[in-house]
Amino acid sequence: MRIDVVSIFPTIFDALEVSLLGKARQSGLLDVQVHDLRAFTHDRHRTVDDTPYGGGAGMVMKPEPWGEALDAIVGEADPRPVIVFPSPAGERFTQSIARELSTAPHLVFGCGRYEGIDERVFDYASELGDVRLLSLGDYVLNGGEVAVMAMIEAIGRLVPGVVGNPESLVEESHEDGLLEYPSFTKPATWREREVPPVLLSGNHGAVARWRREQQLERTRTRRPDLLAD
Ligand SMILES: N#Cc1c(-c2ccc3ccn(Cc4ccc(CN5CCCCC5)cc4)c3c2)n[nH]c1N
């Protein structure tokens with residue numbers, strides 16, 4: 001999978017070099033390229049923003065640098081990429097969307113800042129790829145970079161070969177629409193707190209039933225919305 005990221009703070013993505021995704025990059029499973037949006041400006045101040053038409057607080061990201069950045073990234077020969085713009089006004093990013101995007105050969109992430117990106121950029125981008133405006137959650141961040149880091153991690157770990165033991169992907173929260181069951185490891189007693197005896201019983205059927213009950217109970221109490229559908 002090829003991943004391109006455009007940002008005015010490209011060094012934020014140095015963190016992707018660490019751990020899982022770092023190994024995936026070294027092995028070639030993930031080809032991640034980060035681009036500085038200011039490299040696509042031509043004025044002395046490398047301007048990427050301007051005041052909003054119609055007034056209002058803050059600044060809006062100018063369309064020209066984005067157009068040049070997208071043109072430079074999306075080559076004619078490429079398979080049509082998915083172009084993701086994180087946005088508080090986007091569709092909620094979910095495990096299901098992460099799974100869907102983990103099969104895309106080419107993902108492009110456009111990280112906005114200020115009060116967002118000129119709307120015409122999304123329209124132009126739809127000529128180059130399948131545009132998705134996605135939100136990390138119902139709160140406002142200062143820009144798209146933190147959201148894109150989270151999305152790349154959630155998507156990247158689902159790419160076959162990135163996670164050592166694919167089994168561990170199956171029983172995660174949200175994979176089956178429920179929250180995950182609690183986990184325990186040695187010692188069996190820690191500060192007078194014991195591991196649930198069923199987990200020490202060796203009875204795999206009883207363990208499976210207990211874990212399913214725990215998933216349902218946790219989901220009922222913490223995320224009843226997941227059971228609503
Ligand atoms: N994913 C995700 C996100 C983001 C996110 C993603 C991308 C950008 C780019 C810029 N910002 C900052 C911003 C965005 C909107 C507003 C509201 N303004 C009101 C007046 C009209 C203009 C917009 C304020 C500041 C971003 C925030 N926040 N939360 C998520 N889950």
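Values in this document were obtained by computation on a predicted structure and should not be read as measured data. Every number for a ligand or one of its atoms is a count from 1 in the order of the listing.
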Contacts under 3.5 angstrom, residues 195-206 side chains, donor-acceptor by atom type, not counting sequence neighbours:
unit_1, atom_1, unit_2, atom_2, d
Ser201, OG, Val198, O, 2.6
Ser201, OG, Asn203, N, 3.0
Asn203, OD1, Gly205, N, 3.1
Asn203, OD1, Ala206, N, 2.9

Only pairs under 3.5 Å count here: list side-chain donor-acceptor contacts from residues 6-16, not counting sequence neighbours, and write none if there are none.
unit_1, atom_1, unit_2, atom_2, d
Ser7, OG, Phe9, N, 2.7
Ser7, OG, Glu145, OE2, 2.6

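Between Glu100 and Arg132 a salt bridge is recorded (basic side-chain N to carboxylate O distance below 4.0 Å).
Within the structure, ring pair (Phe, Tyr, Trp, His ring centres under 6.0 Å) pairs that include any residue of residues 72-99 comprise Phe85-Phe122 (at least two apart or interchain).
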Could you list, one pair per line, each nitrogen or oxygen of ligand 1 together with any protein nitrogen or oxygen closer than 3.5 Å, giving atom names and the distance rounded to 0.1 Å?
unit_1, atom_1, unit_2, atom_2, d
ligand 1, 1 (N), Ser87, N, 3.3
ligand 1, 1 (N), Leu134, O, 3.3
ligand 1, 1 (N), Leu136, N, 3.4
ligand 1, 18 (N), Glu115, OE1, 2.9
ligand 1, 28 (N), Leu141, N, 2.8
ligand 1, 29 (N), Tyr139, O, 2.5
ligand 1, 29 (N), Leu141, N, 3.2
ligand 1, 31 (N), Ser135, OG, 3.3
ligand 1, 31 (N), Leu136, N, 3.3
ligand 1, 31 (N), Gly137, N, 3.2
ligand 1, 31 (N), Gly137, O, 3.0

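Put simply, the side chain of Val48 does not reach to within 4.5 Å of the side chain of Lys62, judged on heavy atoms.
Between the Gln215 side chain and the Leu179 main chain, a donor and an acceptor come within less than 3.5 Å of each other.
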